[in-house]
Structure formats: structure tokens, C-alpha cells
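Contents: one structure, followed by commentary.
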Amino acid sequence: MATQQRRFNRFARTIAVAVSATALIALSACSAGGGGGGGDSALGFTAAEQVKDSPITVWVDASREPAVEAFKAKYPDIELNVETYDGNASGSGSFQTKISLFDQSGEGWPDVVFSTQNNDASWASKETNGQQAFAAPVNKGWFDKDFLDGFTPGALDPLTVDGTVYGLRNDLAQSVFWYDQTLFDQFGYQIPTTWEEYEALSDKLAAEHPGYILGSVGDAFVGMLVYYWGAQAPVFQLDGNTFSSDTSADNSKKMTELLDHMVANGTLAKESVFSSDFVQKYQGKALGMPGPIWFTGALFQNPDSLNVPAGQLGAATPLHWDGEEIGTGNVGGGTWFASSHTKNLDAVKTLMEFVTSADEFQVEQSGGYPAYASAAEKWIAKQATGGYFVGDFEKTVVDASSQVWTGWGYPSFSAETAYSKVVLPAIAAGDTIESVAAKWQTEMENEAQVQGYTVAK
Amino acid sequence: MGYAFSAGYGILLILFGLLPALYAIFLAFTQEGAFVGLDNFVKVFNDYRFWPAVQHVAVYLVIWLTFQTIFVVLLALIVHAFGSRWLSISTRFLYYIPGALAGASSVMLWLFLLDPSVSPVSGVLRALGMDSFVETVSIENLPVIFTIIAFWTGAGGWIVIMYGALNNISQEVMEAARVDGAGTVKTAWYIQLPLLRKWISYMGIMTLAAGTQLFVEPRILSQASKGVVPGDYSLNQLAYLYAFRQNDFNGSAAISLILLVVALGLAAFFVFRGGLFERD
């Protein structure tokens, strides 16, 4: 009997194990939420009861720790609890996951959060399970208009929902066309300014200098945020609560054809720009490539990546369709959110202003192009000293910062997941993007539907 | 006294096993506290991600279960047949080592093995037509990849258990078989395998329970491949997305209940076919 009983226990345990893992997830949702809040105060949200000089909790990723350190040095009287997390990177969703748990428990929220993603406002601006939206509106009376106007035009767009701004932008990631002047001179080519010229150049390059490249399509962010966004293709749009994606619109189709064509002639690498294969094959062989401003630190000036020597690299005007206005892409750029539940609004405001605009961080230590215009000018001037770049680097980059195409949407799901799931495997398998374009569009529409958006056909 | 001894386990089982399960049942049939019948289930069934996830997990289970059963038993029989005590011990130890690595860290190791640009076995991968990580982790390859990972981490423990079960077979029976002229293969087929039946079905149940909950491996591969392996590959991942990306704990609970019912059904099959509750 004992043996049988034991075996039965094992069996029961097996079942229990099977259930508990999934159920535990649910358990964490157990406790009931507190009261919600309206938006009727002078701030645009209901502030919690303030506790003077209370410590504030700040979540940052490792790259933003210097910002907090600089703040501590300048404001030693403000008490900070700094917690380092993954910065919500690569769509990990950790920010939303944690906030939704605090929403369930009705307490414990951090006061300020840095996120590497720029679509968090879509959920952080919404009330969840009876709790006031996590992100505090900044333009409804809390921050001064003068301060907010100091951001580069368009910088706060990803954080804006129905005219209300739900956070501050840390950095911008506008795309430009990077080029290797030495190679261009050597081959006797003209730097392209339009997508048409870019494609024509690729045929010439493929015929005369095979093995050299004009970019890569091995990453979803490059495909979506550099090429399709930069083509002003309406593949990822949001209007209120209505999502739409049209991979067969003119600009979408033109970009699909361009990419398929250049993959076929070998001038677009299939490797991810961060892979060791890419570095091995294309160090010294990248004639030019469209890409965000942070490509300079991540690829060109990085000894472990393309490692372009000083005096060769330049940034040219973003590529665009012949006869159309420039509307470039944007690849990321972090955001700072203030909690609407904070008990120390003053300290939070001081910190938010400092980390986004003060020279101590944005000019001296930031790795990305500051979203705050005055800091950006000083930052870019600092990059330009030392003679690394050729051509009119400063002007091109500053101009591009306000040329980001505004037709792109920031819904609560990433633009990259559908592309990763459908398009990247197709390219790797040697198929064209055109052959999966319909499937790719359906995937995006399905994602939108699941997230509660209306899908416009 | 017996109750006191079992209380520790019993209380934990109730707290972390039964109560959450009951809570999940409550959640699955309600929305914001109000009874909604099967609405949550209908919603989940109509989710475009649900059936692909079911299919992914099912294919993986079939491949893994078959592979695991055949090879664990085979390897256990071989190790058991070793004459040298020293060889037998060291082989069992070797088999067991990978299982000592925690789930997530073993997947990290596999990330290197599966990426042709850094893999020590890149020759094999390229020979199979996989020239990049993206090609290696394409949807069609995943069930096999997960099977290999799971076998590598889990099989060692089972081989040790099967080995113990083989040791339990009385010497007299084995002796009698030998006297009757049965060789190693015939002994294995007619004597050892039938006597291992309960152990094999026990392994089947545990494998099923673990397999239907597939989560860590696809989740890490998904992050490493930046989404080429979709974040909604398995049912448990889908339940996770429901709870934490959509704030829909009810839908999440519905998925977990579906998993429970399926796992119970399959386990029942093994229990009755394997005679797990029959007395010796």
C-alpha cells in the first residue's frame, strides 16, 4: 500500500507541478488594486500625498548609470534608490511586466524609469486594472513649457498620446547615410542622395567591385526602422486606436523591390551588423550604409566592429525618394518616465530635467544624440572635434534630427517582431521579401488585434 | 506521527500547488470577478497564436517522447550490461553531468553551439545547410533542437533511474534466462523491458508534464535571435504574454487550464497503459 501511495503522490505532484508554474503567474495577480484616479488636478493627473524630502526610486539600465551618478554629485541632498534593470531592451517587456504587478498590488512603483524602448507610452499612458496610468503627463502643468520646447522638434512624438506628453526623450536615433569617402574616391563614385541613386549605385558596385556592400538587412531594426521608415512606407501606422499596415502601398512596394534587388546583387549583407561574420566579411568593405546616428559608436568607431580609420567616414543627407521630401527613419532613443504615484514630485522633476538636459550627462557622457536641442548641439560639436569625420558631419546630423518621418506609429507592440518572425527567416532562406509581404502584413495586423487595436484594412 | 511527517509537503502542496490551481480555475471562468462561462476559452481558441502554439508543442512532444523513451532505455540497458564496474560508474556520471546545469544556463551553452559563426560544430551545421543562426533556429528545426537540448539535460538523470530499476530485477530471473539460453538482446526484450514498464510510463508522465510546459528554451532562443524564434512559440509563452503583455490574467488562466486538462488526459493514458498503480 505504501508503495502505491507514494506513487500516487508522485503522480499528484507531477500534476501539481504542471499546474503551479502557470498558476503562479496568475497568483501574482491576486491582490486587489487600490482606487483609481481621475485627471482633474493642475498637473493633469491625481498626485499622491506628498512626503517632503522622501527618497525616490530610479530604474536605469547600465548605460544610464552615469546620469544618476552625475545627478547625485550635483544634488547630494536628494536621496535616491537606484536600481539597475535591463532597460526593457530588445522588447523584453520587463518594464511593463513589473509595473503591471505593482498595479495589481497597488503600491511599490518606482518614481522614475528609464526605458530603451520608445513605444512604452502606449501602455504607460493607460489606466490598468483600476490604477491611474503609470506615466505622469508632463505637459499639463507640471513641467514648464519653456523647458519642453527645448527638445528637438518631433523628439517627444513617441511619448505623445492624444496631445498629452507622457515622458521625456533621452536621445534621438535619426538615420543618415554613412559613407566611406576614401572608398568613394577610389572607385570614382558619387554619394547617392536618393533611394533611386542608391539602387543604381548598387548595380555598378556589384559589377565592378563584388564583395563590397551598401548596407545590411540581417536585423529587423534595420529593415523596419531604417529602410521602410526611411522610405516613408505606411507599413506601421497608428491613428488613435486604429492600426494600419499596407505592404502593397507604393512606397512599401518600391522599398521591397529595392531590398530584394540589392540582396540579389549581393550589395546588401544578410548578416546581422552585430554578428562576427559581418565584421569578418565586411571590415573595410562597407562603401556606405544608411543607419542611425549611433552606428558611429557601435560599428564604425568600434575596434571590434567595422573599425573605420579617422578621416574616412562621413554622414550624408538621409536617402529619400526622388521628388519627395526627406523623411528619415529613427532607430530607438530611450525615454524617461515619471511615476504618477510618486510622493516627491519636486525631486522627480529635478531629476527628469537634469538627466535629459544637463551638460554633465547629456554632453559629457551620453552615448547617443541628446534629444534636448541645446545639449545636442554641444554633443555633436564634441563628436566632431578630433577630425574623425569628413564632410559637413555636424550640419547633416543636426538637420536629420528634425527630419524624422512623422507617419510612423508607436503602438504597444514592437515594429520588429513581425519582421523578425516572417521576413528575416525568408531572407536567410534565400526567398524574396515580396514573397512574404502579405504574410508579414497579416502578422502585424494580428498583433495589433490581439493588443486591442482596431485594424484598418 | 505520519501526519506530522507528511504535513510539511502537504502544506506546501496546498499553498503552491492546489490553491493556485483553484485560483486559476476561478480566473479562467471569470472576468473582473464576474462569471462569464467559456468566454475566456473562446477568446483563447480564436487567438491566431493559439493553434500554431498547440501544434508546436505537440510536434515537440511526439519527437521528444519517442526519442527519450527509446534512447534512455537503450542506453540504460547498455550501461547496465557493462562488465566493468568502473566503466559503468563513470559513464553514468558523464550522462548525469549536463543535467546538473540549470535549465537556462544550459540553453545559453546551446546558443553557441547553434550559431554557425562561433559553433565548434559549425561544420556539421553548414553541412546540413544552416549557414547562419537565423537558418538554424527556423521554425521547422525547433522541435528537433528542443529535443536535443532536453535530452542532453534530462536524459542522464533518467538513465541513472532506469539503471537502478534494472538493478532491482532479481538475479534469479536473470540467471534463469541465461540458463535457458537467452542472449543479451533476448534478455533485454523479454525480461528487462517488461519489468521496466512502470518506470517507462513514469518517465513518460514526467516528460509530458515538462514538455507541455515548454517555456525557458524558446524564450531564451527568442531573445537571442531577436524574435526570429517568435515570443509566442509555445503555449506557456502565450499564457505569459496574456498575463504580462496584455494584462489579461483570465485568458492566461484559461490557457493554463487547457494545459492541465491535456496533461491530465495524457498522464491518465500512461497511468492505465503502464499499470502504474497496479500492485506487484
Side-chain angles (χ1 to χ4, degrees), chain A residues 1 3-4 7-30 90-93 96-97 100-101 103-104 123 128-129 218-221 270-272 275-277 280 412-414 416-421 424-425 427-429 446 449-452, chain B residues 9 13 16-24 27 32 47-49 115-118 131-135 138-139 198 202 205-206 208-210 212-213 215 223 225-231 236 239-241 243-247 249 252-253 255-257 259-260 263-264 267 271 276-277 279-280:
Chain A
M1 187 61 207
T3 327
Q4 194 182 342
R7 281 178 190 163
F8 181 74
N9 274 349
R10 277 201 191 115
F11 168 67
R13 192 174 54 190
T14 309
I15 303 305
V17 165
V19 183
S20 55
T22 35
L24 265 177
I25 295 173
L27 181 70
S28 43
C30 185
S90 318
S92 72
Q96 189 185 2
T97 304
S100 70
L101 290 178
D103 281 342
Q104 295 283 348
W123 61 265
T128 19
N129 300 327
D219 298 280
F221 74 86
K270 288 183 183 182
E271 291 84 358
S272 159
S275 68
S276 53
D277 268 4
Q280 261 172 26
S412 61
F413 59 100
S414 162
E416 296 167 41
T417 47
Y419 192 90
S420 295
K421 187 173 172 179
L424 286 185
I427 295 176
N446 282 338
Q449 205 155 21
V450 167
Q451 295 292 328
Chain B
Y9 176 70
L13 177 70
F16 295 109
L18 279 177
L19 285 184
L22 290 175
Y23 185 59
L27 279 178
E32 292 173 4
D47 190 316
Y48 79 104
R49 299 167 296 183
D115 186 345
S117 60
V118 289
D131 289 321
S132 66
F133 186 55
V134 175
E135 284 179 89
S138 72
I139 289 273
K198 283 185 184 179
Y202 175 53
I205 293 175
M206 295 304 268
L208 271 173
T212 47
Q213 293 179 72
F215 182 78
Q223 284 185 340
S225 66
K226 301 200 177 67
V228 172
V229 174
N236 238 1
Y240 178 84
L241 290 181
F244 292 116
R245 292 308 295 271
Q246 293 161 236
N247 268 314
F249 288 88
S252 184
I255 296 178
S256 71
L257 267 202
L259 271 177
L260 171 69
L264 267 182
V271 167
L276 210 56
F277 291 164
R279 302 189 57 178
D280 293 327

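Chain A is the first sequence line, chain B the second, and so forth, proteins listed ahead of strands; every chain is numbered from 1. All figures in this text were calculated on a predicted structure; none of them were measured in a lab.
- Contacts between B:V118 and chain A at a heavy-atom distance below 4.5 Å involve the side chain alone, from C-beta outward.
- Here the OG atom belonging to B:S117 is positioned 8.0 Å from the CD atom belonging to A:Q280, to the nearest 0.5 angstrom.
- Rounded to the nearest 0.5 Å, atoms OG (A:S272) and CZ (B:F133) are 11.0 Å apart.
- Heavy atoms only, all atoms of each residue included: A:S420 and B:K226 are closest at OG-O, 2.9 Å.
- Here CD of B:Q246 is found 8.5 Å from OG of A:S412. Values are rounded to the nearest 0.5 Å.
- Shown here are the salt bridge (Lys or Arg N to Asp or Glu O under 4.0 Å) partners of B:D115, two or more places apart in sequence or in another chain: there are none.
- Of all heavy-atom pairs between B:V134 and A:P425, the closest is CG1-CA, 3.9 Å.
- Counting heavy-atom pairs closer than 4.5 Å to chain B, the top-ranked of the candidates A:T417, A:L424, A:N446 is A:N446.
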